[in-house]
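Below is one structure, written out as structure tokens, with a few remarks after it.
Just so it is clear, the values below take in all heavy atoms, side chains as well, and ignore hydrogens, waters and symmetry mates.
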Amino acid sequence: MDPQAFIRLSIGSLGLRIPGKPLTAAKSDIHAFSSSCVCEIRLRGFPVQTTSIPLISSPETNPDSHSIASSFYLEESDLKAMLAPGCFYTSHACLEIVVFTGRKGSHCGVGIKRQQIGTFKLEVGPEWGQGKPVILFNGWIGIGKNRQESGKPGAELHLRVKLDPDPRYVFQFEDDTKLSPQIVQLQGTIKQPIFSCKFSRDRVSQVDPLSTFWSSSADGAYQDTERRERKGWKVKIHDLSGSAVAAAFITTPFVPSTGCDWVAKSNPGAWLIVRPDACQPESWQPWGKLEAWRERGIRDYICCRFHLLSEGQEGGELLMSEILMNAEKGGEFFIDTDRQVRAAAATPVPSPQSSGDFAALSPVVGGFVMSCRVQGEGKCSKPLVQLAMRHVTCVEDAAIFMALAAAVDLSIEACRPFRRKILRGTRHSW
């Protein structure tokens with residue numbers, strides 16, 4: 001399997017010095033006043049990212065050189081767009097970091113206005129596309145406004161900006177997951193078959209909403225069951241030889257919560273993601289658990305929460321991702337320790353063929369792991385999956401993520417509202 005070229009732009013080691021504004025005494029030289037100093041990190045074509053900046057009191061102290069505050073992932077097409085000036089841009093794109101004191105919001109009904117301290121800019125250059133690790137900037141730089149006019153030293157920002165190659169494998173389901181499609185690897189315009197996907201239902205779940213979505217002849221018993229639960233769905237991933245190399249199946253039925261007609265957070269449906277047991281033929285070994293439910297509001301969202309399972313870790317479950325996706329438009333499920341705000345942000349994801357002993361793995365192996373883009377309710381999804389090359393050592397490693405992607409896609413359907421009353425003879429049962 002040949003990967004596609006991606007680049008990871010990371011911004012870290014953030015710190016701020018403001019001369020003339022002494023900080024209160026403390027044991028540490030670094031004081032993280034997250035409520036007082038923040039920055040907006042901007043890059044053309046990407047959403048603005050906001051993060052806090054620690055205030056540093058001692059001139060001899062530098063921030064943690066390994067900390068990462070923000071990351072952007074760029075494809076070759078992204079770089080070409082940034083390096084080519086368009087009719088709306090007079091110059092190349094640039095990385096821009098704008099530092100503020102205070103946050104947007106209000107206190108006691110009175111609006112709080114942020115004050116801009118300064119801006120750091122770094123232009124996108126040809127070296128961004130060379131596919132090699134490059135440190136674009138590392139150290140302190142003055143960003144204070146009017147520092148020359150006032151004759152006083154202005155604020156200084158410490159940061160480390162680095163480019164790293166981050167090659168990925170890109171896969172796509174060639175049809176809707178429910179139609180048991182082939183899964184191909186994408187390499188430019190070339191599509192190479194890698195896996196096949198087999199969707200099925202248990203006999204007990206033949207009265208299943210997916211099979212009547214296109215049917216107009218469902219009987220009353222079928223409709224009654226559809227209103228109560230969705231269960232028995234299975235997805236198996238087969239390699240080109242026809243061997244099953246990964247699977248996902250519902251372990252906790254998707255049922256409406258008491259007093260409502262949707263799957264709520266208080267009682268989510270759940271999938272078990274499994275791989276073949278190397279020691280016991282025809283047996284499966286748990287690898288992960290995906291929970292899903294519906295969040296109601298002005299716009300409905302589907303929340304997917306993924307835990308990695310391990311017998312070697314106390315508690316047996318490691319939270320890797322919890323993502324909201326628009327129920328109507330769909331969205332992107334991802335596992336990315338740089339983008340997930342949680343205590344174990346630097347914990348790596350082991351290969352599905354590994355021992356499961358997380359303690360033996362280096363926390364340096366973090367960052368992007370996988371992403372899966374799916375469509376919203378009632379649409380032909382054809383999930384698009386990206387996998388970091390460093391997490392894939394064999395075909396079986398990729399297969400387990402295909403099973404996870406299929407479960408995410410089917411969860412969009414499984415979390416659709418249940419009809420309280422369905423009229424006989426109607427075409428659509430939703």
Side-chain angles (χ1 to χ4, degrees), residues 4-16 34 37-54 63-100 103-104 114 116-143 145 155-168 170 323 331-341 345 366-371 373 384 386 388:
Q4 292 192 26
F6 280 76
I7 295 173
R8 178 195 187 203
L9 171 67
S10 60
I11 300 95
S13 190
L14 290 177
L16 186 67
S34 60
C37 289
V38 298
C39 69
E40 290 184 352
I41 304 174
R42 305 168 183 171
L43 186 65
R44 184 194 298 173
F46 293 84
V48 175
Q49 300 185 25
T50 303
T51 186
S52 60
I53 305 181
D64 179 7
S65 60
H66 298 293
S67 66
I68 296 176
S70 176
S71 294
F72 297 91
Y73 297 101
L74 289 72
E75 300 181 53
E76 184 178 355
S77 58
D78 296 324
L79 286 174
K80 288 182 178 179
M82 291 180 185
L83 291 170
C87 57
F88 297 106
Y89 306 103
T90 56
S91 62
H92 292 327
C94 67
L95 173 69
E96 184 177 18
I97 301 176
V98 186
V99 182
F100 300 91
R103 290 182 180 270
K104 291 180 180 179
R114 298 187 305 175
Q116 182 174 328
I117 297 177
T119 301
F120 168 86
K121 289 186 178 183
L122 182 66
E123 187 172 289
V124 177
E127 68 276 11
W128 286 46
Q130 293 177 355
K132 300 178 181 179
V134 179
I135 296 178
L136 300 174
F137 186 88
N138 186 30
W140 291 96
I141 185 170
I143 61 167
K145 298 173 63 178
E156 293 180 303
L157 176 67
H158 187 281
L159 74 161
R160 185 171 186 260
V161 183
K162 187 181 180 184
L163 288 173
D164 288 292
D166 191 35
R168 301 180 185 182
V170 182
I323 305 297
E332 182 186 34
F333 173 85
F334 59 84
I335 302 174
D336 187 338
T337 58
D338 288 345
R339 294 166 67 182
Q340 292 287 60
V341 182
F368 175 83
V369 178
M370 68 90 69
S371 68
R373 183 164 294 279
L384 181 67
Q386 295 182 1

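Counted within 6.0 Å of CD on E332, heavy atoms from surrounding residues, nucleotides or ligands total more than 12; the atom is thus considered enclosed.
Within the model, atoms CD1 of I97 and CD of Q49 stand 10.5 Å from one another, a figure rounded to the nearest 0.5 Å. From E96, atom CD reaches atom CD1 of I41 across 11.5 Å, with rounding to the nearest 0.5 Å. Note that the CG atom of L14 and the SG atom of C37 stand 11.5 Å from one another [nearest 0.5 Å]. Between W140 atom CH2 and L157 atom CG the span is 7.5 Å, to the nearest 0.5 Å. Note that CD of E40 is 9.0 Å distant from CD of Q116, once rounded to the nearest 0.5 Å. To the nearest 0.5 Å, atoms CH2 (W128) and CD1 (I7) are separated by 9.0 Å.
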*Would you please test L9 and L136 for side-chain contact (heavy atoms from CB on, under 4.5 Å) and show each step?*
CA-CA 10 Å; L9 171 67; L136 300 174; 4.3 Å; yes

*Begin with the C-alpha distance, continue with both residues' side-chain angles, and end with the deciding distance and a verdict on side-chain contact (heavy atoms from CB on, under 4.5 Å) for N138 and H158.*
CA-CA 8 Å; N138 186 30; H158 187 281; 4.2 Å; yes

*Could you go through the side-chain contact (heavy atoms from CB on, under 4.5 Å) check for L74 and D166 one step at a time?*
CA-CA 9 Å; L74 289 72; D166 191 35; over 6 Å; no

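Here the closest heavy-atom approach between residue F46 and residue M82 is recorded as CE1-CE, 3.3 Å. Nearest approach of I11 to L95, heavy atoms of both residues: CG1-CD2, 4.1 Å. Residues A155 and L16 come closest through the heavy atom pair CB-CD1, 4.4 Å. Taking each heavy atom of R42 and V48 in turn, the nearest pair found is CG-CG2, 3.9 Å. In terms of heavy-atom proximity, S13 sits nearest to R160 at CB-CB, 3.9 Å. Of all heavy-atom pairs spanning C94 and L43, the tightest one is O-CD1, 3.9 Å.
Side-chain contact check for F334 versus Q386: every heavy-atom pair is 4.5 Å or farther apart. Residues I68 and R8 are in side-chain contact: their nearest non-hydrogen atoms beyond the backbone lie under 4.5 Å apart.
A distance of 6.0 Å or more separates the ring centres of F368 and F6.
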